Amino acid sequence: MTGLLCITIIAVALAGGAYSFVTPPPFAHFTVKVFADLGANVTMPCMLMSKDHSLSDAGVRVKWTKVADDEALNEDVILSMGVHKKTYGNFENRVFLEEKGDHEDASLTILDVSMADMGKYLCEITNGMTDTVQEVTLEVLGDFTAGVVFPYHPEEGRYSMDYDTAVQACLDQGAVVASPEQLSEAWEAGLDWCNAGWLNDGSVQYPIKNPRAPCGGSNNGPGLRNYGQMDKNKTYDVYCYTAAPKGSFYWLTQPEHLTFDEAVQACLDDGAEIAMVSHIFAAWKLEGYDRCDSGWLADGSVRYPISRPRKNCSPTEAAVRSVGFPDKTQKSYGVYCFKSQQ
C-alpha cells in the first residue's frame with residue numbers, strides 16, 4: 001500500500017445509530033472511535049476509497065474482524081465478496097453492511113449491542129489494486145452501576161479455567177469478564193468472595209470484606225487480594241459482569257420436581273428459556289428477588305436467590321446460594337426461567 005497516512009477520528013453513535021466522521025484521503029489507514037448505547041443498534045463507518053470500483057464488483061472483498069490482544073483470538077465478523085456474504089459466531093444474523101449510495105459504503109451495523117461487542121474492529125477492503133484498512137473502536141455506554149459482578153466456576157470444579165476458557169464461560173452465561181474497576185465497585189458494595197478469579201486485564205484477584213485465615217490471612221485488612229498479571233495458561237475461577245437484562249426472571253411453578261432436560265423443556269413450553277447464572281444474580285442484586293426454592297439453571301447448576309436471610313434460607317447473609325452441579329437425571333429440583341422482552 002502506498003501513501004499510508006494514519007489519522008484518528010471520533011465518531012458518535014447513540015440509540016439512533018447515526019455517526020459522523022471526516023472523510024480521509026485515498027489509500028489511508030485510519031482509526032475511528034464510536035460510542036453506542038447498550039442494547040441500541042450502531043453503525044461503524046468504513047468507506048471504499050477508490051471511486052473506480054463498487055462493493056458489488058466480484059473482485060472486491062470486504063472483511064470485518066473483531067481484534068483481540070492475542071491475534072489467535074481474533075473473531076471473524078462478516079466476509080463479503082460481491083453478492084456473497086457470510087456472518088460468523090456471535091455476530092451471525094446480527095450484523096450487515098450498509099452498502100449505501102454507489103456501493104462504496106462498507107460500514108458495519110450491529111444490532112442490539114451488548115457489552116461483549118465492545119472493543120477494536122478492523123475493516124479491510126481489497127480490490128486487487130488498492131486497499132482500505134480502517135480500525136474502529138466501539139465503546140458501549142450505559143448505566144454500568146446497574147449491573148452485577150458474580151464469581152463463577154464450571155461443573156469441572158474450582159480453579160479449572162485458563163484465561164480463554166474463563167472468557168468463554170462468562171459469555172456462555174450472558175456476561176463478560178469483569179474489569180478491575182467493576183470488581184472494586186462490587187467490593188465496596190459488599191462483595192466478599194474467597195475465590196481467586198480472572199479479570200479482563202489478565203490479573204487474578206478476589207474481594208474480601210471480612211478477613212479470615214484461608215482468604216489472605218485474618219491479620220490483613222479488608223480489600224482486593226491481587227495476584228497481579230498471571231500466565232493466561234494457569235487456571236483459576238472468573239469474575240463475570242452483567243448489566244440488567246431485558247426481560248423477566250421467574251420461578252416456574254410445576255406440579256413436581258424435574259430432571260435437567262425436563263426443566264429446559266418446561267421453560268420452552270412456557271415461551272421462555274431456562275435462566276442463566278447471570279439472570280439469577282441480576283434478579284437477586286438489582287431487583288431484590290427472593291425465593292427459597294432450589295432450581296435448575298442453564299449451565300446445569302442448581303441455585304436459589306435469597307434477599308431476606310432467614311432460617312433454612314441463607315440465615316446469615318443475602319446471597320445466591322448454590323447446590324452445585326447435581327446429576328442431571330435427578331428429579332429433585334424446580335427450574336428458574338427467563339423470558340426475553342419482546
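Being a predicted model, the structure only gives us computed values, none of them experimental.
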- Determine, stepwise, if the pair Thr43 / Ser107 fulfils side-chain hydrogen bond (donor to acceptor under 3.5 Å, both in side chains). CA-CA 6 Å; Thr43 300; Ser107 300; over 6 Å; no
Trp193 and Tyr206: CA distance, side-chain angles, deciding distance, ring-ring contact (aromatic ring centres under 6.0 Å, His included) verdict
CA-CA 6 Å; Trp193 206 267; Tyr206 60 98; over 10 Å; no
Practice item. Go through the steps to decide whether Asp201 and Ser203 satisfy the test side-chain hydrogen bond (donor to acceptor under 3.5 Å, both in side chains), and finish with yes or no. Key: CA-CA 6 Å; Asp201 66 344; Ser203 67; 2.6 Å; yes
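Nearest heavy-atom pair across Thr242 and Ala282 is CG2-CB, 4.4 Å. Between Arg321 and Ser314, the shortest heavy-atom contact is NE-OG, 3.4 Å. Scanning all heavy atoms of the two residues, the minimum distance from Ile208 to Trp187 falls at O-NE1, 2.9 Å.
Residue Arg225 holds its CZ atom at 11.5 Å from CD of Gln205, rounded to the nearest 0.5 Å. Here Glu188 contributes atom CD and Leu183 contributes atom CG; the two are 10.5 Å apart, rounded to the nearest 0.5 Å. The CD atom of Glu185 lies 8.0 Å from the OH atom of Tyr241; values are rounded to the nearest 0.5 Å. Taking CH2 from Trp64 and CG from Leu108, the interatomic distance works out to 5.0 Å, rounded to the nearest 0.5 Å. How far CG of Leu199 is from OH of Tyr236: 12.0 Å, rounded to the nearest 0.5 Å. Residue Asn312 holds its CG atom at 10.0 Å from CZ of Arg310, rounded to the nearest 0.5 Å.
Applying the disulfide (SG to SG under 2.5 Å) test to residues at least two apart or on different chains, the pairs with a partner in residues 222-252 are Cys170-Cys240. Pairs passing the disulfide (SG to SG under 2.5 Å) check and including a residue from residues 182-220, sequence neighbours excluded, read Cys194-Cys215.
Cluster annotation: Met276 is not connected to Trp251 through the hydrophobic network of ILVMFWY side chains, with a link wherever side-chain heavy atoms come within less than 4.5 Å. Linking ILVMFWY side-chain heavy atoms closer than 4.5 Å, directly or via other members, places Leu111 and Tyr121 in two distinct hydrophobic clusters.
Both tests pass for Lys86 against the ring of Tyr88: distance under 6.0 Å to the centre and angle within 45° of the axis.
The environment of CD in Glu71 is sparse: at most 12 heavy-atom neighbours from other residues, nucleotides or ligands sit within 6.0 Å. Residue Asp269 places its CG atom among more than 12 non-hydrogen atoms of other residues, nucleotides or ligands, all under 6.0 Å distant. In this structure, Lys120 places its NZ atom where only 12 or fewer heavy-atom neighbours from other residues, nucleotides or ligands lie under 6.0 Å away. Within a 6.0 Å radius of NZ in Lys234, other residues, nucleotides and ligands contribute 12 heavy atoms or fewer.
Between Asn195 and Arg158 the shortest side-chain heavy-atom distance falls below 4.5 Å. The shortest side-chain heavy-atom distance between Val149 and Leu191 falls under the 4.5 Å cut-off. Within the 4.5 Å cutoff, the side chain of Thr87 has no heavy atoms near those of the Val77 side chain. Side-chain contact check for Val277 versus Phe150: some heavy-atom pair is nearer than 4.5 Å. Between Phe91 and Ile78, every side-chain heavy-atom pair lies at or beyond the 4.5 Å cut-off. Using a 4.5 Å heavy-atom cutoff, the side chains of Tyr163 and Thr165 are not in contact.
Look at Asp293 and Arg303 and you find no salt bridge, because none of the NZ, NE, NH1 or NH2 atoms lies under 4.0 Å from a carboxylate O. Ionic pairing of Arg61 and Glu124 is not present here: no N-O contact between side-chain nitrogen and carboxylate oxygen is shorter than 4.0 angstrom. At a threshold of 4.0 Å, the pair Arg94-Asp117 counts as salt-bridged, since one of the basic side-chain nitrogens sits closer than that to a carboxylate oxygen.
Looking only at distances, a side-chain donor or acceptor of Thr235 sits under 3.5 Å from a matching main-chain atom of Tyr159.
In this structure, the ring of Trp284 has its center no less than 6.0 angstrom from the ring center of Tyr289.
Gln168 and Asp172 share a donor-acceptor pair across their side chains, judged by distance under 3.5 Å alone. Judged purely by distance below 3.5 Å, without hydrogens or angles, the side chains of Thr109 and Glu98 pair a donor atom with an acceptor atom. Thr329 and Asp327 share a side-chain donor-acceptor pair at under 3.5 Å. Checking Asp299 against Tyr152 by side-chain atom types alone, a donor-acceptor pair falls below 3.5 Å. If you check the side chains of Tyr250 and Asp270, you find a donor sitting under 3.5 Å from an acceptor.
Relative ring orientation between His279 and Phe338 is described as parallel, the plane-to-plane angle staying below 30° on a 0-90° scale split at 30° and 60°. Classified by interplanar angle (parallel below 30°, tilted 30° to 60°, perpendicular above 60°), the ring pair Tyr336/Phe249 is parallel.
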